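These notes concern the structure reproduced below.
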Amino acid sequence: MSAFRLTGLCSCRGVSLKVIESSCNLSRNRRGCLQRPLLNGTRLFSSHSLNSKVNLNIIPADLVDKLERLALVDFRTKEGLACLEKAIRFADQLHLVDTSGVEPMDSVLEDRALYLRNDTETEGDSAEELLKLAKNTVEEYFVAPPGNIPLPKREERTAMLKHSEF
Amino acid sequence: APVSSEKLVGVVGLEIHAQISSNSKLFSGSPVCFSAPPNSQVSFFDASLPGTLPVLNRRCVEAAVMTGLALNCTINKKSLFDRKHYFYADLPAGYQITQQRRPVAVDGVLTYSFLGGKKRSQVVRKHVQIKQIQLEQDSGKSLHDDVHSQTLIDLNRAGVGLMELVMEPDMSCGEEAAAAVRELQLILQALGTCQGNMSEGQLRVDANVSVHRPGEPLGVRTEVKNINSIRYLARAIDYEIQRQIGVMQRGGTVHNETRAYDSKSGETIPMRDKEGLQDYRFMPEPNLPPLIVFEDNATLPPGVDSSQVVVVQKIKEGLPELPSVKREHLVQAYGILPEHSFTLVNEEGLMEYFEEVMKATRKEPRKVIGWVMNELLGQLKQQDMSVSQSPISPAALAELLELQETGRVSSSGAKQVFQVMWGSSGKTAEQVIQEQDLGLVSDATQLHNICQKVVDSHPTEVHAIRNGNAKVLNKLMGLVQRELRGKADPVLVMEILKQKTRGGGC
């Protein structure tokens, strides 16, 4: 059973143009992403044929804002957004694999037994070492700002990062 | 079709976090201890240093299975761990390991009771569905220092094992929620899986409250947090229900928000806006394979180490006596009423107190219950004391009851003695009886003489008694009591008077 699943994944990695071409004609998975067969080889990475959430090669601005806030990253420039889009489309190749009747697998460790530890104290006496790592401590406590610092607005960030090498 | 009444009613669901009673944390070998110096119980994994991995504690799995079984849940043989992402200084990893997709136990039921009815003496039984029980990590503690505009972080609690119990919104008011939580507390304490001390944060309860008209769809709910005791739980919920009804009646709308209970004012107040609706971006925890628990020894894979498996059957067999069973046993063993048995189990230490007294007295259980419920518990409640703080020990009370049984003191005299003993720590019943001269006169000769005197001086009454009017005996009894300043043993006196007035010879 696991061998079958691994094969399924392998065929998706290291995918070649040829494989995508022939896979297009397979029956679609439940996402129903491919609405029309791919006829033109050069348009293979067209986003709207692979990802129903994305319209016309553009990821909605409020979705980008939300991602930036949740993950505390900044996609910065047009190049950054383009990179994000490429990453999404690269991952979308997974949708080309016919997974009907196959249980989702979230880790290759699935067949391993989960190790259970005995309930004994074996560690935890590391206050000194850990506190040393912090810039600010107060009487053996770590110091944090009074609340989460909200991500600065886009305009502010652009101004702050004007001279950044990235 | 159901008739929709005009009245809005409350709908209450509870989310409970119970800290697992274990020696070490859920995914690390750091000690679990209350009130240790800050950051002294933190391993590299707890501090989320790169390169560290979670290692599951078997005791925590057993605790979750045990609790699931006690609450009639279905135990999922295969359960999964997930990451729940959000940023906060007391969550060093930026995510909490929890069980969102498939928790270890689902679909249970908690049966609870409370004393209702007109005189609050009837045991009302209710049920609440348990949606699921999942294992998850606790976060560290944040201490807000407003003076210096900073937050101090103590990670001792970070990584401690929690069982999150999700209850369906089957309750309708604060009293029901309080009774349900009290029963859960008793169960967890009996199992030993959680010590259940709400003030120490071992049992944390958040209430989801909404109002609606019966038969109509549920209303918008608010989440009420910062509830530190069962008493406050009932008050917070009732306040919130009334608040929401008020909003609706004024034509307003209830907002889906988180509110904090303020015990001083008894009100719920909106909490600081937590950056809008959270998206936790749940994902499977890649470092942990699925958790498998086995039904019984027959289903174990061959050659497996017993320390590496959790067997449901074995845990089921090892379950201790649950509170509901305890109550039944008390009724069976002592012949007491269900409502008394309920109070005995419900009040911390009261059952033990009662059983101690029973061991040391010949008095019948129902009468002892009267003393324990009325005299003892009454005093404790009045002075807001716990059973363990009672100035009268079970042995001391038993001694008093024995003295009453043997006629050394009357029942009203005994009550007086009790009051005096309560106020003067350590004095025995006998001491008080002597000091207060409450001892009954049971010297036969003395009683006979006084009775004779009374009988001789009241021929009219004696005549009435001989003619069938027995009630007049009470008048004679009163006269005897007056002679002895109320210290006549009433039972003996009645006997003697009856004898003397029976007719024929004095």
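Residue numbers begin at 1 in each chain, while the letters A, B, ... track the order of the sequences. Please read all numbers here as calculations on a predicted model, not as lab measurements.
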Provide the closest heavy-atom pair for [X] versus [Y] in the form atom of the first, atom of the second, distance.
X: Gly124(A); Y: Pro31(B); answer: CA-CD, 4.4 Å
X: Ala89(B); Y: Ala144(A); answer: CB-CB, 3.5 Å
X: Phe87(B); Y: Leu70(A); answer: CE1-O, 3.0 Å
X: Leu152(B); Y: Val138(A); answer: CD2-CB, 3.9 Å
X: Val61(B); Y: Leu116(A); answer: CG2-CD2, 4.2 Å

- Item | Between CZ on residue Arg281(B) and CG on residue Leu67(A), distance to nearest 0.5 Å |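 It comes to 8.0 Å.
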- How many angstroms lie between atom OG1 of Thr137(A) and atom CG of Asn39(B), to the nearest 0.5 angstrom?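 That separation rounds to 9.5 Å.
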Heavy-atom pair count under 4.5 Å with chain A, highest-scoring of [options]:
options: Gln150(B), Gln41(B), Arg59(B); result: Gln150(B)
options: Pro286(B), Ser307(B), Pro290(B), Gly94(B); result: Pro290(B)
options: Ser28(B), Ser22(B), Ala47(B); result: Ser28(B)

Give every donor-acceptor pair under 3.5 Å between a side-chain atom in residues 310-317 of chain B and any protein atom, sequence neighbours left out.
unit_1, atom_1, unit_2, atom_2, d
Gln313(B), NE2, Glu317(B), OE2, 3.1

- Is the CD1 atom of Ile149(A) crowded by more than 12 outside heavy atoms at less than 6.0 Å?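 Not buried by this count: 12 neighbours or fewer within 6.0 Å.
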- May I ask you to check whether over 12 heavy atoms, not counting those of Lys77(B), lie within 6.0 Å of atom NZ?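 More than 12 heavy atoms, drawn from other residues, nucleotides or ligands, come within 6.0 Å of this atom.
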Checking [X] against chain A: side chain, backbone, both or neither under 4.5 Å from a heavy atom?
X: Asp46(B); value: neither
X: Tyr280(B); value: neither
X: Phe81(B); value: side chain
X: Pro284(B); value: side chain
X: Ile20(B); value: neither

- Task: Find out whether Pro38(B) and Glu140(A) are in side-chain contact, i.e. whether some heavy atom of one side chain is under 4.5 Å from a heavy atom of the other.
- Result: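 Touching, per the 4.5 Å side-chain cut-off.
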- Item | Any Ile153(B) side-chain heavy atom under 4.5 Å of Tyr141(A) side chain |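 Of all side-chain heavy-atom pairs linking Tyr141(A) with Ile153(B), none is under 4.5 Å.
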- Could I get the full list of ring-ring contact (aromatic ring centres under 6.0 Å, His included) partners for Phe45(B), not counting sequence neighbours?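 Once residues adjacent in sequence are excluded, Phe45(B) has no partner under the ring-ring contact (aromatic ring centres under 6.0 Å, His included) criterion.
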- What residues of residues 292-301 of chain B sit under 4.5 Å from chain A when you count only heavy atoms?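 At a heavy-atom separation under 4.5 Å, chain A is reached by no residue of residues 292-301 of chain B.
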- Message: Please classify the contact of Glu129(A) with chain B as side chain, backbone, both or neither, using a heavy-atom distance under 4.5 Å.
- Response: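 Side chain of Glu129(A) only, per the 4.5 Å heavy-atom cut-off to chain B.
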- Provide the full list of side chain to side chain donor-acceptor pair (under 3.5 Å) pairs with a residue in residues 114-125 of chain A, sequence neighbours left out, each pair given once.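 Passing the test, one end in residues 114-125 of chain A: Arg117(A)-Ser24(B), Asn118(A)-Arg58(B), Asp119(A)-Ser24(B), Asp119(A)-Asn57(B).
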- Message: Between Thr151(B) and Pro145(A) (side chain of the first, backbone of the second, donor and acceptor by atom type, cut-off under 3.5 Å), is there such a pair?
- Response: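 Pair found, side chain donor or acceptor close to backbone of Pro145(A).
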